[in-house]
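Encoded as C-alpha cells, the structure appears first; notes follow it.
A quick note: this is a predicted structure, and the numbers were derived from the prediction, not measured. Order of the sequence lines fixes the chain letters, A, B, ..., with proteins taken first and strands second; residue numbering starts at 1 for each chain. These numbers come from the heavy atoms of this one structure, side chains and all, not from hydrogens, waters or symmetry mates.
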Protein chains: 2
Amino acid sequence: MKDMTTARTPVPDAARRLPEAERRLSLRERKKLKTRTAIRDATYRLIKEQGYEATTVEQIAEEAEVSPSTVFRYFPTKEDIIITDEYDVLVEDLLRSRPADEPVLESVRWAIRRSMAMQVADTPDYVHEEMKLRTGLMVSVPAVRSRAMESMSVTGRLLCRAIADRTGRAPDDLEVRVYAMGLVSALLEAVLYWAERDYRDDVLNLVDRTLSTFRDLARRPPDDGPDHGPGVPPGEAPGAPEIHGPAAPQP
Amino acid sequence: MKDMTTARTPVPDAARRLPEAERRLSLRERKKLKTRTAIRDATYRLIKEQGYEATTVEQIAEEAEVSPSTVFRYFPTKEDIIITDEYDVLVEDLLRSRPADEPVLESVRWAIRRSMAMQVADTPDYVHEEMKLRTGLMVSVPAVRSRAMESMSVTGRLLCRAIADRTGRAPDDLEVRVYAMGLVSALLEAVLYWAERDYRDDVLNLVDRTLSTFRDLARRPPDDGPDHGPGVPPGEAPGAPEIHGPAAPQP
DNA sequence: CCATCTTTTGAGAGTTACTCTCATTTCATG
DNA sequence: CATGAAATGAGAGTAACTCTCAAAAGATGG
C-alpha cells in the first residue's frame with residue numbers, strides 16, 4: 001500500500017503509533033487507524049509544502065487516497081486534523097496516578113512535565129516535527145489557534161475534575177473552574193511563546209516557569225495595599241478557600 | 001419615536017449609542033454607524049427568533065436592509081457581528097487611569113469592575129438583553145465561543161502592556177504573558193459560568209471572586225510540601241519575580 | 001465457502017460563509 | 001454644479017462542510 005517508490009513520504013505511515021499493540025485490533029479497527037493517520041500525514045505533508053490556506057480538503061483527500069467524505073467522517077473540521085490530541089487522556093491518567101494529598105499545582109507540574117517529556121524526549125524526530133508544525137500553525141493561523149483554545153478548555157474541565165477530587169469541592173465550582181482555565185490558558189500561552197520564538201527555548205523549562213508564575217502569583221510585595229480602589233464598595237467576595245492543598249471535603 | 005409601524009423593532013435603532021456625541025460626525029460617518037448598528041440589531045433580532053445556526057447572513061442583510069456584501073464589509077465573520085467589543089479600549093483607558101504604584105491585580109479589579117458596571121448598571125435594559133444573548137451564545141455556539149476567546153487574547157496582550165508599564169518588564173516577557181492570559185481566561189470563564197447558570201449570580205461578584213482566586217492562588221496551606229514530585233529534578237526555574245507590585249524598572 | 005448482516009466508503013448534490021471584481025450610487029469639496 | 005473619493009450592490013466564484021443513498025468490505029453463523 002502506499003507505493004514507496006514515490007520517495008516523497010518523509011515518514012513511514014504505518015508502524016508509527018502502536019507499532020505492535022495494534023496487532024490485537026480487528027482488521028476493521030486497524031484499517032480505521034490507518035486511514036486516520038494517512039489523512040493526518042497527508043495533511044502535514046501538504047501544509048508543509050504549500051501552507052495551510054492553500055491546502056484544500058480535496059487535496060488532502062486525494063493525497064491520502066480517500067474520498068473527501070471520508071476525511072470529514074474522521075475529522076469534523078479541517079483544523080481538527082491538525083489539533084486532535086490523544087493527549088488529554090494521557091494527562092488525566094498521569095494526574096490520577098499522583099498521591100491524593102499532593103498539592104494540585106505539583107501534581108499538574110508533574111503530569112504536564114511527564115506528558116511533555118513523553119512527546120519531546122526519547123521520541124523519534126518526526127514527532128518533534130509534527131509538534132512544531134502544529135504549534136507553528138497555532139501561532140500563524142487564527143482558526144487553528146481557536147480550535148486549540150477550544151480543545152484546551154476541554155483539558156480545563158478535566159483539570160476541574162482532578163481538582164475537585166482532591167479538594168472536595170464541586171467540579172463546577174466557580175473557583176475551581178476559574179483556576180483550572182487560568183492554568184491551562186497560561187500553559188497554552190507558554191507553548192505559543194515557545195513557537196513564536198522559533199522553539200529556541202526548552203519547553204519544559206517554559207512550563208516550569210509558567211507554573212512557578214502561578215504559584216508565586218500571590219506573593220505580593222510587603223505593602224499589602226488597600227483591597228479595593230476608591231469608589232468601589234468593599235464587596236464581600238466570599239473569599240476563595242484554598243485550592244492548592246488538600247482541603248476537608250465539604251460538610 | 002420608536003414606532004416605525006413595523007412593530008417588530010424591539011430597540012430604536014438610531015440614537016442608541018452616542019445619542020448626541022454623534023452629531024459632530026460627518027454624514028458619512030453617521031451613516032456608517034447607523035448601518036453598523038442596523039446590522040447588529042438585525043442579527044440579534046433574528047437570532048433571538050430563530051437561533052444562531054438558522055440565521056443566515058443573507059437574512060441578516062435583508063433584515064438590515066443592506067446587501068450581503070455590505071454585511072461582510074462591516075464584519076469579517078458572522079461571529080464578529082455578535083462579539084465585537086468596543087470594550088478593550090475602554091478597559092485600556094481605565095487601566096491607564098490608575099496610579100502607577102497600585103498593584104496590578106487591584107488596577108485590573110478596578111478597571112474590570114468599572115467597565116462591567118458601565119455595561120450593567122445605570123444602563124438601559126436592552127443592553128442587558130444584548131449582553132445576555134451574547135454570553136448565552138458563547139456558551140451554546142462553539143464558533144462564537146472561539147471568537148470570544150480570540151478577542152480575549154487581544155485583551156490579554158493589552159493587559160501585557162499595562163503590566164509591562166508598571167513592572168518595568170517587557171510586554172512579551174513569558175511571565176507577563178502567562179499571567180495576563182491566565183487572568184483574562186479566568187475572567188472569561190467567570191462570564192461563561194454566569195451565563196451557564198442563567199445569570200442568577202451577580203457578575204460583579206463573580207468577577208471579584210475570580211480575582212480573589214487569583215490573588216489567593218499561592219496561599220498554600222501550612223504544610224508547604226515538597227516543591228517537586230519524585231522523579232522530577234529540582235529544575236532551576238529562574239524564579240518569577242514579583243508581578244503584582246511595582247518593581248524597579250530593569251537595570 | 002457461502003449467505004447475511006453491519007459498518008464503512010464513495011459519489012454527488014446542496015448549503016452557506018466568505019472573497020473578489022466592477023459598475024453604480026452617494027457623500028465631500030471647491 | 002462639477003469633480004473626486006468613498007460606500008454600496010450585484011454577481012460570480014471558492015471551499016468547507018452536510019446529507020443521502022447505493023456500493024464495497026469486514027464480521028458472523030452455518
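Ranking dA7(D), dC18(C), dT8(C) by closeness to the Tyr74(A) side chain, first place goes to dT8(C). For Ser69(B), the listed nucleotide lying nearest its side chain is dG11(D); candidates were dA16(D), dG11(D), dA28(C). The listed nucleotides are dC27(C), dT8(C), dA16(D); the one nearest the side chain of Lys32(A) is dT8(C). Candidate nucleotides dT9(C), dA16(D), dA25(D) were compared by shortest atom distance to the side chain of Arg28(A), and dA25(D) ranks first. Candidate nucleotides dT8(D), dG26(D), dG10(C) were compared by shortest atom distance to the side chain of Thr70(B), and dT8(D) ranks first. In this structure, the nucleotide among dC27(C), dT8(D), dC17(D) sitting nearest to the side chain of Arg73(B) is dT8(D). Out of dA27(D), dC17(D), dA25(D), the shortest distance to the side chain of Thr77(A) is found at dC17(D). Listed candidates were dC27(C), dA27(D), dC17(D). Nearest to the side chain of Ser26(A) is dA27(D). Each of dA27(D), dT8(C), dT9(C) was ranked by its minimum atom distance to the side chain of Leu27(A); first place goes to dA27(D). Of the candidates dA16(D), dC27(C), dT8(D), dA16(D) carries the atom nearest the Val57(A) side chain, counting heavy atoms from C-beta on.
At whole-Å resolution of the value, CZ in Phe75(B) and C1' in dT16(C) are 19 Å apart. As rounded to whole Å, 12 Å separates atom P of dT16(C) from atom CZ of Phe72(B). Distance Glu62(A) CD to dG10(C) P: 13 Å, rounded to the nearest Å. Rounded to whole Å, atom P of dA16(D) lies 14 Å from atom CG of Asp80(A). Put simply, CG on Leu46(A) is 12 Å from P on dA16(D), counting in whole angstrom units. Residue Glu58(B) contributes atom CD, which lies 12 Å from atom P of dA10(D) at whole-angstrom precision. Atom pair Arg30(A):CZ and dA27(D):C1' shows a separation of 13 Å (rounding to whole Å applied). Rounding to whole angstrom units, CD of residue Glu65(A) and P of dG10(C) are separated by 10 Å.
Salt bridge status for Asp172(B) with Arg157(B): absent, with no side-chain N to carboxylate O gap under 4.0 Å. No salt bridge links Asp165(B) with Arg161(B); every basic N to acidic carboxylate O contact stays at or beyond 4.0 Å. In this structure, Glu196(A) pairs ionically with Arg177(B), as a charged nitrogen and a carboxylate oxygen lie closer than 4.0 Å.
Contact annotation: Lys31(B) side-chain N/O to dC27(C) OP1/OP2 distance is under 4.0 Å.
Nearest-nucleotide positions on DNA chain C for Glu29(B) and Lys78(B) put Lys78(B) closer to the 5' end.
Aromatic pair Phe214(A)/Phe214(B): centroids less than 6.0 angstrom apart.
A cation-pi arrangement is found for Lys78(A) relative to Tyr52(A), the charged atom lying closer than 6.0 Å to the ring centre and inside a 45° cone about the ring normal.
No engagement by Pro68(A) is indicated, since no non-hydrogen atom pair under 4.0 Å with the nucleic acid exists.
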Evaluation steps, salt bridge (charged side-chain N to carboxylate O under 4.0 Å, His left out), between Glu92(A) and Arg96(A) = CA-CA 6 Å; Glu92(A) 176 145 37; Arg96(A) 293 204 181 285; 3.3 Å; yes

